[in-house]
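First up is the structure itself, then whatever we jot down about it.
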Amino acid sequence: MPLFHFELCRNGRTIGQTETRDCPDCGMAFRAARDMIRTLREDDTLSEDPREHTLRVSYVDHSTLFDLPFNLGI
């Protein structure tokens, strides 16, 4: 299974630790990112405005797959 990196970003800069997960494909990486955002928003662990945050998902070589905004509402 491919490895994907998940990084919490604020205003385009990585904050916190990078989490690495095995996902069978890009679609499952998207679902994992969506679930991570949902958990972070529900836990209210973000002290800053959530509109400033994205979850960056990249391949193991650190090439960016996508940046998922926290205010996307999905």
Side-chain angles (χ1 to χ4, degrees):
M1 253 193 277
L3 289 174
F4 294 91
H5 295 295
F6 296 82
E7 301 171 284
L8 178 62
C9 298
R10 181 172 164 247
N11 294 325
R13 294 187 151 186
T14 301
I15 57 174
Q17 297 292 326
T18 299
E19 185 173 330
T20 302
R21 292 188 181 185
D22 289 329
C23 297
D25 56 36
C26 297
M28 290 305 289
F30 175 84
R31 289 181 187 98
R34 183 187 61 195
D35 292 344
M36 292 170 80
I37 288 173
R38 185 176 297 129
T39 299
L40 287 167
R41 291 190 68 163
E42 287 173 356
D43 291 347
D44 201 27
T45 56
L46 303 175
S47 59
E48 297 90 10
D49 186 352
R51 292 177 293 181
E52 297 175 350
H53 291 86
T54 61
L55 191 64
R56 179 173 297 141
V57 180
S58 58
Y59 295 103
V60 73
D61 68 355
H62 296 286
S63 59
T64 300
L65 179 60
F66 58 82
D67 281 310
L68 193 59
F70 273 50
N71 64 345
L72 191 58
I74 55 170

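Quantities reported herein were computed from a predicted structural model and do not represent experimental measurements.
- Of all the heavy atoms in Pro24 and Pro2, the pair that sits closest is O-CD, 3.8 Å.
- Using a 4.5 Å heavy-atom cutoff, the side chains of Cys26 and Leu65 are in contact.
- Checked against side-chain contact (heavy atoms from CB on, under 4.5 Å), Arg21 has the following partners two or more places apart in sequence or in another chain: Phe6, Glu19, Cys23, Ala32, Met36.
- Under a 4.5 Å side-chain heavy-atom criterion applied to ILVMFWY residues, the cluster that includes Leu3 comprises Val60 as well.
- At a threshold of 4.5 Å between non-hydrogen side-chain atoms, the residues Leu68 and Thr54 do not count as touching.
- Residues satisfying the side-chain contact (heavy atoms from CB on, under 4.5 Å) criterion with Asp61, sequence neighbours excluded, are Tyr59, Ser63.
- Note that the CG atom of Leu8 and the CZ atom of Arg10 stand 10.0 Å from one another [nearest 0.5 Å].
- Taking the side chain as every heavy atom from C-beta outward, Phe4 and Asp22 never approach each other to under 4.5 Å.
- Side-chain contact check for Glu7 versus Ser58: some heavy-atom pair is nearer than 4.5 Å.
- In this structure the side chain of Asn71 never reaches within 4.5 angstrom of the side chain of His53, judged on heavy atoms.
- Side-chain contact between Asp35 and Phe30: absent, with no pair of heavy atoms (C-beta onward) separated by less than 4.5 Å.
- With His5 as the fixed residue, the side-chain hydrogen bond (donor to acceptor under 3.5 Å, both in side chains) test singles out one of Thr14, Thr18, Thr20: Thr20.
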